[in-house]
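Proteins come first, then strands; the chains are lettered A, B, ... in the order of their sequence lines, and each starts at number 1. In what follows, every heavy atom counts, from backbone to side chain, and hydrogens, waters and symmetry copies are set aside.
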There are 2 protein chains.
Amino acid sequence: MTLELPRRTAPTLEAVAAAAGVSRSTVSRVVNGSSHVSPDVIDAVNAAIESLNYIPNRAARSLANRQTMAIALVVPEDTNRFFGDPFFAEIVQGITQGLEDSDYVLNLQLASPSSPSEKTIRYLLGGNVDGAIVVSHHSGDDFFTTLDATIPVVFGGRPYHPELHRNNYVDVDNAAGAAMGTQYLIDLGRQRIGTIAGPPNMQAAIDRAEGWGAAMRESGHPADLVEYGDFTMASGAAAMRALLDREPNLDAVFVASDLMATGAITVLRDRGKTVPADVAVVGFDDSSAATSGEIALTTVHQPSREMGAEMARMLLALLRNEPTERERVMPTRMVVRTSA
Amino acid sequence: MTLELPRRTAPTLEAVAAAAGVSRSTVSRVVNGSSHVSPDVIDAVNAAIESLNYIPNRAARSLANRQTMAIALVVPEDTNRFFGDPFFAEIVQGITQGLEDSDYVLNLQLASPSSPSEKTIRYLLGGNVDGAIVVSHHSGDDFFTTLDATIPVVFGGRPYHPELHRNNYVDVDNAAGAAMGTQYLIDLGRQRIGTIAGPPNMQAAIDRAEGWGAAMRESGHPADLVEYGDFTMASGAAAMRALLDREPNLDAVFVASDLMATGAITVLRDRGKTVPADVAVVGFDDSSAATSGEIALTTVHQPSREMGAEMARMLLALLRNEPTERERVMPTRMVVRTSA
DNA sequence: CTGAAAGCGCTTACAG
DNA sequence: CTGAAAGCGCTTACAG
């Protein structure tokens, strides 16, 4: 049995007003930093706030001014994917950092990868948050792409079927980045270059696969060796096996994420292939997964943390009705280590 | 420049009442599933809700009934630690699962490891959540241990200095678990057994170090080989180096977390030691880190997911004023793989 | 610069 | 079973 603690009931604006000998309006003004309050009144009110330990009730405030000062970070991925890929950690860090100087708090909502649950929908639509950042959007999820009819939304990564909706997003040029990574392998003189693509229901995955294909075709190579993963290590391993079974002479592979590349490398070594001598591997992300394995990955770097910060900045601008570009495309670059 | 979308203003209870031809009270009753409403009225109201796409405004509801239907998961760790250790992923999964059938949403708050920020404090005290689960508590943080004077709190892991406060928590018997892991090494006939302990400002770390010490002393071994890490892989590696420098003949080590054990093993191999032949390693957690390295860890299993679910259950009971035990200690067990 | 008053969208005794 | 009314704790024109 637990001890029943008498829960303290929090002091209200009213109490502060009484203590400071002013009206509630005035207390509200100083709490919200409004100008046009005389210095001594400000001091008196602050003293009362201090001594009563007053903290404004957020529900009341929200109801009155229709702002929650909270934003949702929605990640339509299951817990394993979310926690398993360091890419997300960096995005979250960036967002947190971008929000630091603001008054907004970030509420993380793990949603279902297929379509958002009733609970998520009610949360997003029920006035719990002023805006949302959606990272890792999948096709079929029109809820999120149309959510901005209700609250401002910024996507981390161009949403699927971007032509259908005019959503705000920050992204890298995935196709160009992938082409760069592939070109690097081509320039190495590799002949049979495959790719492990991400899930075809995600725009970034599609774009990276296309970038690989474009680079291959432009240099006169066949763009036939494609296998798909879902951005997890295990799926990277499985795709690598499939690729090797189809083409034992494969001598390079462009992998759409570092985590999948790590999985692919395990398989290559199991099959007796040396990396990079027999098979060169280029990843994508340059997340901490790139350097956590035994073979440091040569990879296409995307500025994940900065992207997160940029998402926060963009959403803040929308929330404040400040002008902002609808899309922000950040640069990628090659990071050469040992896998290629 | 972004396109200014005219944001739809959500329908209110009032609108539903009008549409259904009943009073607001009645709509409120059916929304909240109160009994004593006639079937046809229920149908009429539901039809109106459906057609208007009504979602109750949470701020208004909170203000009126003093419930937010939200609970905070507070983790006083930086993003790297939180995302880096699969232990947290499992706890989160457990909590999420334990909350699934309830109407509560979970809001994750990453706090500072030292002391909570002003933002976190205001969040927790400003009526944003009905209760909190605090995982990974450190010493010096009396804010969290006294937070239950304001809202119900459940700790994941016995808080530091539990004798000072009577907090609710779910935990394993860390000392017993560590003793079991150490005893396993002793039974293997190992002679020089060190330990890599967790940070001494965390209760679980202290308890595990004590469990190791107790098992050592009881079997007549000196309990002198202790080095401390902070539960990260890198710190496990550093501690292993220190241990080896102090005692080159060490032939076993009990490590207070799987992640640190993984780091320790890298060092052992770098120094030319075979695991388990030269040095046997026993970890703690049995998280996914135990099997992600090249040498599968023999480890002390703690039921992280179930613990998370239990935290949720306990908090829900507190929230509903149902009786519940103040502490729940769950069982550990040895999982023997290859590292020892 | 300051206060009285209305209102935000709900819930909840209180009557009936 | 149902409704009128008060109230939750703030903010915000509106006066002055």
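Taking side-chain N and O atoms only, B:Ser28 has a distance below 4.0 Å to OP1 or OP2 of C:dT11. Distances shown here put a side-chain N or O of A:Ser23 below 4.0 Å from the OP1 or OP2 atom of C:dG3.
The side chain of A:Leu63 has C:dG9 as its nearest neighbour among D:dC10, C:dT2, C:dG9. Set against C:dT2, C:dG9, C:dT11, the side chain of A:Arg29 has C:dT2 as its closest nucleotide. Distance from the side chain of B:Thr26 is smallest for D:dT2 among the nucleotides D:dT2, C:dT11, D:dA13. Set against C:dG3, C:dC14, D:dC10, the side chain of A:Val22 has C:dG3 as its closest nucleotide. The nucleotide whose nearest atom lies closest to any side-chain atom of B:Ala64 is, among D:dG9, D:dT2, D:dC8, D:dC8.
Along DNA chain D, the nucleotide nearest to B:Ser25 and the one nearest to B:Asn65 differ in position, and the one closer to the 5' end is contacted by B:Ser25. Along DNA chain D, the nucleotide nearest to B:Arg66 and the one nearest to B:Val41 differ in position, and the one closer to the 5' end is contacted by B:Val41.
To the nearest angstrom, C1' of C:dA4 lies 9 Å from CZ of A:Arg24. One can place NE2 of A:His36 at 18 Å from P of D:dA15, the figure rounded to the nearest angstrom. Rounded to whole angstrom, the span from the CD atom of B:Glu14 across to the P atom of C:dC8 amounts to 9 Å. In this entry the distance linking CG of B:Asn128 with P of D:dC10 reads 12 Å, nearest Å. The interatomic distance linking A:Met69 (CE) with D:dG9 (P) rounds to 22 Å, in whole Å. Protein atom CZ of B:Arg122 is 14 Å distant from nucleotide atom C1' of D:dC10, rounded to whole Å. One interatomic measurement links the two molecules: CZ of A:Arg58 to P of C:dC8, which rounds to 22 Å at whole-angstrom precision. If you take CG of A:Leu13 and P of D:dC8, they are 13 Å apart, rounded to a whole angstrom.
For CG of B:Asp103, the number of neighbouring non-hydrogen atoms (other residues, nucleotides, ligands) closer than 6.0 Å is 12 at most.
In this structure, A:Ile151 and A:Asp130 have side chains that are not in contact, with every pair of non-hydrogen atoms separated by 4.5 Å or more. At a threshold of 4.5 Å between non-hydrogen side-chain atoms, the residues A:Thr68 and A:Asn128 do not count as touching.
Side-chain atoms of B:Asp171 do not come within 3.5 Å of backbone N or O of B:Val329 as any donor-acceptor pair.
Across all strands shown, the partner of D:dC1 is C:dG16, judged by Watson-Crick or G-U wobble contacts whose two distances both fall under 3.5 Å.
For A:Phe155 and A:His137, the gap between ring centers is short of 6.0 Å.
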